[in-house]
Participant: 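Got a structure here, written out as structure tokens. Questions coming.
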Amino acid sequence: MRVESECGGSADVRAALLRLRRTSGLPVAFGGLRYGTGRYRISELTGARTAALHGLAVRHGNGLGGKAAVLTRPFAVTDYHASAVISHEYDAAVAAEGLYSVLAVPVVVRRRVRGVLYGALRRPVQLGDRPLSAAMEAARELEQALLLQDEAQRLLSVARQPAAADPAAWEEVREAHGDLRALAQRVADPVLRHELLAACGRLAAASAPGRGRTGDGPGRPDGPVLAPREVDVLAYVASGATNAATADRLGLRPETVKSYLRSAMRKLGVHSRLQAVVAARRAGLLP
């Protein structure tokens with residue numbers, strides 16, 4: 001398990017826990033992602049009264065969360081301290097927070113358990129379908145966010161490769177540039193989002209040696225300034241995508257794509273899609 005995935009996912013874990021607490025009715029939610037081999041660190045808490053659970057390292061198979069990870073399915077107990085179906089390595093931390101009824105849901109990405117989410121009550125009550133369903137939905141939401149981060153990391157690895165000289169390789173770089181810009185709009189973690197946009201800037205600058213600027217800047221200092229969404233649209237137009245396909249990829253309406261395209265053409269001083277792409281590349285806005 002890559003350490004960067006766990007660190008980069010903290011904002012997504014927090015969002016999933018807030019959703020779990022809001023939709024389940026459970027007053028306490030906590031969880032975290034896998035780090036190292038067979039360990040899960042509790043990195044985020046909401047509704048907690050103490051810090052007893054924060055930073056707790058849960059081993060694969062141990063306690064409630066470790067068992068849910070082994071089974072790769074949700075697991076719940078009515079009275080954590082008296083339960084005979086889990087091990088009790090973490091009783092002190094659970095008792096310090098005053099928890100009794102607890103459920104745990106594994107976060108599974110590409111058949112690998114990447115984390116565990118918990119919801120809990122401070123009294124021994126049998127948990128029904130509502131909190132269980134809510135926890136599973138929160139876990140699915142986090143799984144999608146982690147898949148998104150995996151894809152972002154893959155595209156970043158492409159962006160970090162030296163610029164290729166042959167046209168076929170450049171087309172791959174240009175496609176990665178468009179995908180990176182689209183993913184950046186959907187990534188919750190600000191550090192990863194900044195890194196994605198910085199990589200976009202490096203890719204664009206590489207196509208105009210001595211003229212482009214690194215980072216997510218507007219290209220040449222003396223060149224045209226396009227809005228981020230205008231660059232997003234042009235990146236897909238450059239790959240040959242239709243307005244409808246571009247709209248679908250960016251989560252926009254086709255009419256909105258047309259509006260951004262017209263605005264970009266006006267700023268670039270051109271009158272066609274092809275001319276806009278060529279002008280954007282010359283200005284160091286696209287690779």
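Keep in mind that this is a model prediction, so the values were computed, not measured.
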Participant: L18: which other cluster members, linking ILVMFWY side chains closer than 4.5 Å, directly or transitively?
Facilitator: none
Participant: Going through the distances and angles, do L121 and L99 end up as a side chain to side chain contact (heavy atoms under 4.5 Å, CB included)?
Facilitator: CA-CA 6 Å; L121 286 167; L99 305 180; over 6 Å; no
Participant: Counting neighbours of CZ on R59 that are heavy atoms of other residues, nucleotides or ligands and sit closer than 6.0 Å, is the number greater than 12?
Facilitator: no
Participant: For the atom pair CZ (R262) and NE2 (H271), what is the distance rounded to the nearest 0.5 Å?
Facilitator: 15.0 Å
Participant: Who else is in the cluster with L274 when I, L, V, M, F, W and Y are joined by side-chain contacts under 4.5 Å?
Facilitator: V278
Participant: Any non-hydrogen side-chain atom of R111 less than 4.5 Å from a side-chain atom of T72?
Facilitator: no
Participant: Go through the steps to decide whether V116 and R34 satisfy the test side chain to side chain contact (heavy atoms under 4.5 Å, CB included), and finish with yes or no.
Facilitator: CA-CA 8 Å; V116 181; R34 182 173 176 172; over 6 Å; no
Participant: Give a yes-or-no answer on whether the side chains of R273 and N243 include a donor-acceptor pair shorter than 3.5 Å.
Facilitator: yes
Participant: Do V108 and R112 pass the side chain to side chain contact (heavy atoms under 4.5 Å, CB included) test, and can you show the C-alpha distance, the side-chain angles, and the key distance before you say yes or no?
Facilitator: CA-CA 5 Å; V108 184; R112 294 179 61 227; 5.8 Å; no
Participant: Do L127 and T78 touch side chain to side chain, with heavy atoms closer than 4.5 Å?
Facilitator: no
Participant: Do V109 and L142 have side chains that get closer than 4.5 Å, going by heavy atoms?
Facilitator: no
Participant: Any side-chain to backbone donor/acceptor pair from T246 onto T242? Under 3.5 Å, distance only.
Facilitator: yes
Participant: Can Y260 and R229 be counted as having a side-chain donor-acceptor contact under 3.5 angstrom?
Facilitator: no
Participant: Could you check if a side-chain atom of V231 sits within less than 4.5 angstrom of a side-chain atom of R181, using non-hydrogen atoms only?
Facilitator: yes
Participant: List the atom of A29, the atom of L20, and the distance in Å for their closest heavy-atom pair.
Facilitator: CB-CD2, 4.1 Å
Participant: Working to the nearest 0.5 angstrom, can you tell me the gap between N62 CG and R39 CZ?
Facilitator: 12.5 Å
Participant: When rounded to the nearest 0.5 angstrom, what distance separates CG in L53 from OG in S43?
Facilitator: 12.0 Å
Participant: Establish whether V107 and F75 are linked, either directly or via other cluster members, by ILVMFWY side-chain heavy-atom contacts under 4.5 Å.
Facilitator: no
Participant: Check this for me: H81, atom NE2, are more than 12 non-hydrogen atoms of other residues, nucleotides or ligands nearer than 6.0 Å?
Facilitator: yes
Participant: Could you check L268 against M265 for side chain to side chain contact (heavy atoms under 4.5 Å, CB included), going step by step and ending with a plain yes or no?
Facilitator: CA-CA 5 Å; L268 292 167; M265 290 165 59; 5.9 Å; no
Participant: In terms of heavy-atom contacts, does NZ of K258 have more than 12 from other residues, nucleotides or ligands at under 6.0 Å?
Facilitator: no
Participant: Would you say R19's side chain and A138's backbone share a donor-acceptor pair under 3.5 angstrom?
Facilitator: no
Participant: If two hydrophobic side chains count as joined below 4.5 Å and joins carry through other members, does V85 share a cluster with V105?
Facilitator: no
Participant: Do the side chains of V102 and I86 join up, straight or via other hydrophobic residues, at under 4.5 Å, putting them in one cluster?
Facilitator: yes
Participant: Can you tell if the side chain of E230 reaches within under 4.5 Å of the side chain of L285, non-hydrogen atoms only?
Facilitator: no
Participant: In Å and rounded to the nearest 0.5 Å, what is the CG to CG distance from L103 to L64?
Facilitator: 7.5 Å
Participant: Quick one: which residue pairs count as a ring pair (Phe, Tyr, Trp, His ring centres under 6.0 Å) with a foot in residues 10-32, not counting sequence neighbours?
Facilitator: F30-Y118
Participant: Transitively linked via ILVMFWY side-chain contacts under 4.5 Å: L71 with V58?
Facilitator: yes
Participant: Any non-hydrogen side-chain atom of S272 less than 4.5 Å from a side-chain atom of Q275?
Facilitator: yes
Participant: Could you pull out the closest heavy-atom pair between E141 and A15, with the gap in Å?
Facilitator: OE1-O, 4.0 Å
Participant: Is the closest basic N to carboxylate O distance between E137 and R140 below 4.0 Å?
Facilitator: no
Participant: Would you call E97 and R122 a side-chain contact if the rule is heavy atoms closer than 4.5 Å?
Facilitator: yes
Participant: Is there a path of hydrophobic side-chain contacts, each under 4.5 Å between heavy atoms of I, L, V, M, F, W or Y residues, that connects V237 with L226?
Facilitator: yes
Participant: Taking 4.0 angstrom as the limit, do R114 and E143 come out as a salt bridge?
Facilitator: no
Participant: Which atom names give the shortest non-hydrogen contact between V28 and G47, and what distance separates them?
Facilitator: CG2-O, 3.8 Å
Participant: Check whether NZ of the Lys or CZ of the Arg R123 lies under 6.0 Å from the centre of the six-membered ring of Y100 and within 45 degrees of that ring's axis.
Facilitator: no
Participant: Identify the two heavy atoms, one from S87 and one from G61, that lie closest to each other, and give their separation to 0.1 Å.
Facilitator: OG-O, 4.3 Å
Participant: In Å and rounded to the nearest 0.5 Å, what is the CG to CG distance from L33 to L146?
Facilitator: 5.5 Å
Participant: In this structure, are over 12 heavy atoms from other groups packed under 6.0 Å from R49 atom CZ?
Facilitator: no
Participant: For atom CD of E255, decide whether the heavy atoms of other residues, nucleotides or ligands shown that lie under 6.0 angstrom number more than 12.
Facilitator: yes
Participant: Testing V94, I42, L45 one by one against L56 for a side-chain contact (heavy atoms from CB on, under 4.5 Å), which residue passes?
Facilitator: I42
Participant: What distance separates L26 CG from R130 CZ, expressed to the nearest 0.5 Å?
Facilitator: 8.0 Å
Participant: Given side chain to side chain donor-acceptor pair (under 3.5 Å), test Y40 with H60 step by step and report yes or no.
Facilitator: CA-CA 8 Å; Y40 309 88; H60 203 63; 3.0 Å; yes
Participant: Pick one: which of L252, L250, V257 meets side-chain contact (heavy atoms from CB on, under 4.5 Å) with D232?
Facilitator: L250
Participant: Could you tell me if the side chain of E44 sits less than 4.5 Å from the side chain of S10, heavy atoms only?
Facilitator: yes
Participant: Which atom names give the shortest non-hydrogen contact between V113 and A69, and what distance separates them?
Facilitator: CG2-O, 3.6 Å
Participant: Check A182 against Y236 and note the closest heavy-atom contact, atom names and distance.
Facilitator: CB-OH, 3.4 Å
